[in-house]
Visitor: 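Got a structure for you, questions after.
Side-chain atoms are counted along with the backbone in the values below, which use heavy atoms only and exclude waters and symmetry mates.
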Amino acid sequence: MVEIKNLNKQFNNIEILKNINLTIESNKTTVVIGPSGSGKTTLLRCINVLETPDSGKITINNDTIDFSKHKLSKHEINKFRKKTGMVFQSFNLFPHRTALENIIEGPITVLKTPKAEAIKEAEILLDKIGLSDKRNNYPHQLSGGQQQRIAIARALAMKPDILLFDEPTSALDPELEIEVLNLIKDLSKENYTILIVTHKMSFARDVSDKIVFVDHGEILQEGTYEDLNNSSTDRIKQFLNLIN
């Protein structure tokens, strides 16, 4: 379980996240929606500690980091970051490494997994994502959808407590988007704890156990797809009418 309490973040004296309180249940898929600039990506980056919140607490499976107390050491940040697996919009694969090498890099260098074991686990993941035949291909030899699937396998290889997806298909054309969405749908049926930022409501409906609506750095409502679709909050109704 992931618990976020009283989380705040500012950039240039502008409040991006305002007193965020959120529980992300284990083995469930939580989807964050809302307009551009509402703080969705910043929330993910704070959980991954790519951004350091100004105050508040984040707990991942009984390991708590309190951002109000002191400046965090690199060791504290790296230890906490190991608990998360981040999948970015733009893949972020190492261009000079093959698909297999991209997947094994983290386990070997961060988790200190023996290389032979890391390769064996990576081959299982390549089979899981349907890209065993691309193990020796470099990113430039792969389609955007294939690169994103490798990025997902790379995140899975770290055996994180929570998987974070930041608009995972926004850089893909519709045909390539489908293969990535289908993979994430399959993962949502397994025992992964997942948090996804997306603008695709049909996808949110299909994969979510809970949807969280964020606007101007605040959570306006959380609940099932049906709860939000039947919301009495004018801002949510306005947003959903525009994108549905």
Visitor: Quick check: do Leu220 and Ile236 have side-chain heavy atoms less than 4.5 Å from each other?
Guide: yes

Visitor: Quick one: pull up CD1 in Ile16 and NE2 in His216 and give me the separation to the nearest 0.5 Å.
Guide: 10.0 Å

Visitor: Do the side-chain N and O atoms of Thr169 and Glu177 include a donor-acceptor pair separated by under 3.5 angstrom?
Guide: yes

Visitor: For the residue pair Arg149 and Gly130, what are the closest heavy atoms and their distance?
Guide: NH1-O, 4.1 Å

Visitor: Do side-chain atoms of Asp66 reach the backbone of Thr64 as a donor and acceptor pair under 3.5 angstrom?
Guide: no

Visitor: Looking at every heavy atom in both Ala155 and Leu163, which two are closest together, and how far apart are they?
Guide: CB-CD2, 3.9 Å

Visitor: I need the Leu183 CG to Lys128 NZ distance, nearest 0.5 Å.
Guide: 8.0 Å

Visitor: Could you tell me whether Lys200 and Glu167 have a side-chain N and a carboxylate O separated by less than 4.0 Å?
Guide: no

Visitor: Output, in order, the C-alpha distance, side-chain angles, deciding distance and verdict of side-chain contact (heavy atoms from CB on, under 4.5 Å) for Gln146 and Leu131.
Guide: CA-CA 8 Å; Gln146 290 169 338; Leu131 291 176; 3.8 Å; yes

Visitor: When you measure from the side chain of Gln141 to the backbone N and O of Tyr138, does any donor-acceptor pair fall under 3.5 Å?
Guide: yes

Visitor: Side chain of Asp209, backbone of Lys28: donor and acceptor closer than 3.5 Å?
Guide: no

Visitor: Do Phe67 and Leu17 share a hydrophobic cluster (ILVMFWY, side-chain heavy atoms under 4.5 Å, transitive)?
Guide: yes

Visitor: Determine, stepwise, if the pair Ser143 / Glu179 fulfils side-chain contact (heavy atoms from CB on, under 4.5 Å).
Guide: CA-CA 11 Å; Ser143 70; Glu179 64 190 49; 4.2 Å; yes

Visitor: Any side-chain heavy atom of Ile162 within less than 4.5 Å of one from Tyr192?
Guide: no

Visitor: Please check if the number of heavy atoms outside Lys18 that lie under 6.0 Å from its NZ is greater than 12.
Guide: yes

Visitor: Hey, does Leu164 have a side-chain heavy atom less than 4.5 Å from the side chain of Ile47?
Guide: yes

Visitor: Membership question, hydrophobic clusters at under 4.5 Å side-chain separation (ILVMFWY): are Leu22 and Leu7 in the same one?
Guide: yes

Visitor: Does the side chain of Asn136 pick up a donor-acceptor pair with the side chain of Thr98 at under 3.5 Å?
Guide: no

Visitor: Would Lys210 and Glu25 pass as an ion pair if we require N to O under 4.0 Å?
Guide: no

Visitor: What are the two closest non-hydrogen atoms of Asp215 and Pro35, and how far apart are they?
Guide: OD1-CG, 3.2 Å

Visitor: Count the heavy atoms belonging to other residues, nucleotides or ligands that lie under 6.0 Å from NZ of Lys185, then report whether that count exceeds 12.
Guide: yes

Visitor: Could you tabulate the donor-acceptor pairs under 3.5 Å formed by side-chain atoms of residues 85-94, not counting sequence neighbours?
Guide:
from	atom 1	to	atom 2	distance (Å)
Gln89	OE1	Ser170	OG	3.3
Ser90	OG	Asn92	OD1	3.1

Visitor: Ignoring hydrogens and angles, state whether a donor on the side chain of Asn48 or Thr84 is under 3.5 Å from an acceptor on the partner side chain.
Guide: yes

Visitor: Report the distance from atom CD of Gln147 to atom CG of Asn102, rounding to the nearest 0.5 Å.
Guide: 9.0 Å

Visitor: Strictly by modelled atom types, are Ser55 and Ser68 linked by a side-chain donor-acceptor pair under 3.5 Å?
Guide: no

Visitor: Indicate the atoms forming the closest heavy-atom contact of Ile129 with Ala153, along with that distance.
Guide: CD1-CB, 3.8 Å

Visitor: Under the rule for ring-ring contact (aromatic ring centres under 6.0 Å, His included), what residues qualify as partners of Phe165, not counting sequence neighbours?
Guide: none

Visitor: Of all the heavy-atom pairs spanning Ile103 and Pro107, show the shortest one and how long it is.
Guide: O-CD, 3.2 Å

Visitor: Using 0.5 Å steps for rounding, measure from the CG atom of Leu126 to the CG atom of Asp133.
Guide: 9.0 Å

Visitor: For side-chain contact (heavy atoms from CB on, under 4.5 Å), just list the numbers for Thr41 and Arg45, CA-CA rounded to whole Å, side-chain angles, deciding distance to a tenth of an Å, and then say yes or no.
Guide: CA-CA 6 Å; Thr41 292; Arg45 290 176 65 86; 3.8 Å; yes

Visitor: Can you find a heavy atom in the side chain of Ile108 that is under 4.5 Å from one in the side chain of Pro114?
Guide: no

Visitor: Which residues pass the salt bridge (Lys or Arg N to Asp or Glu O under 4.0 Å) test with Lys159, not counting sequence neighbours?
Guide: Glu121

Visitor: With a 4.5 Å heavy-atom cut-off, do Ile4 and Thr59 have their side chains touching?
Guide: no

Visitor: Closest approach of Ala99 and Ile150, non-hydrogen atoms and distance?
Guide: CB-CD1, 3.6 Å

Visitor: With salt bridge (charged side-chain N to carboxylate O under 4.0 Å, His left out) as the rule and sequence neighbours excluded, what pairs involving residues 76-88 come up?
Guide: Asp63-Lys83, Lys83-Asp161

Visitor: Is there a side-chain contact between Val49 and Ile77 in this structure, where contact means two heavy atoms from C-beta onward sitting under 4.5 Å apart?
Guide: yes

Visitor: Tell me whether His75 at atom NE2 has more than 12 heavy atoms from other residues, nucleotides or ligands lying less than 6.0 Å away.
Guide: no

Visitor: Which residues pass the salt bridge (Lys or Arg N to Asp or Glu O under 4.0 Å) test with Glu175, not counting sequence neighbours?
Guide: none

Visitor: Using modelled atom types and a 3.5 Å cut-off, is there a donor and acceptor pairing between side-chain atoms of Glu123 and backbone atoms of Ser132?
Guide: no

Visitor: Please check if Ile58 and Ile194 belong to a single hydrophobic cluster, counting links between Ile, Leu, Val, Met, Phe, Trp and Tyr side chain heavy atoms closer than 4.5 Å.
Guide: no

Visitor: Run the side-chain contact (heavy atoms from CB on, under 4.5 Å) test against Gln238 and tell me which residues pass, sequence neighbours left out.
Guide: Arg235

Visitor: Are Ile20 and Asn6 side-chain neighbours, meaning at least one heavy-atom pair lies under 4.5 Å?
Guide: no

Visitor: When you look at Val2 and Leu195, which way does the side-chain contact (heavy atoms from CB on, under 4.5 Å) test go after all the steps?
Guide: CA-CA 10 Å; Val2 178; Leu195 181 63; over 6 Å; no

Visitor: Please round to the nearest 0.5 Å and tell me the distance separating atom CE of Met201 and atom CG of Asp206.
Guide: 10.5 Å

Visitor: Is the closest side-chain heavy-atom distance between Ile24 and Thr193 below 4.5 Å?
Guide: yes

Visitor: According to a hydrophobic-cluster definition based on side-chain heavy atoms being under 4.5 Å apart (Ile, Leu, Val, Met, Phe, Trp, Tyr only), do Ile196 and Met158 belong together?
Guide: no

Visitor: For the CD1 atom of Ile119 and the CD1 atom of Ile104, what is their distance to the nearest 0.5 Å?
Guide: 4.5 Å

Visitor: Assigning hydrophobic clusters by single linkage (Ile, Leu, Val, Met, Phe, Trp, Tyr; side-chain heavy-atom cutoff under 4.5 Å), is Val31 placed with Val214?
Guide: no

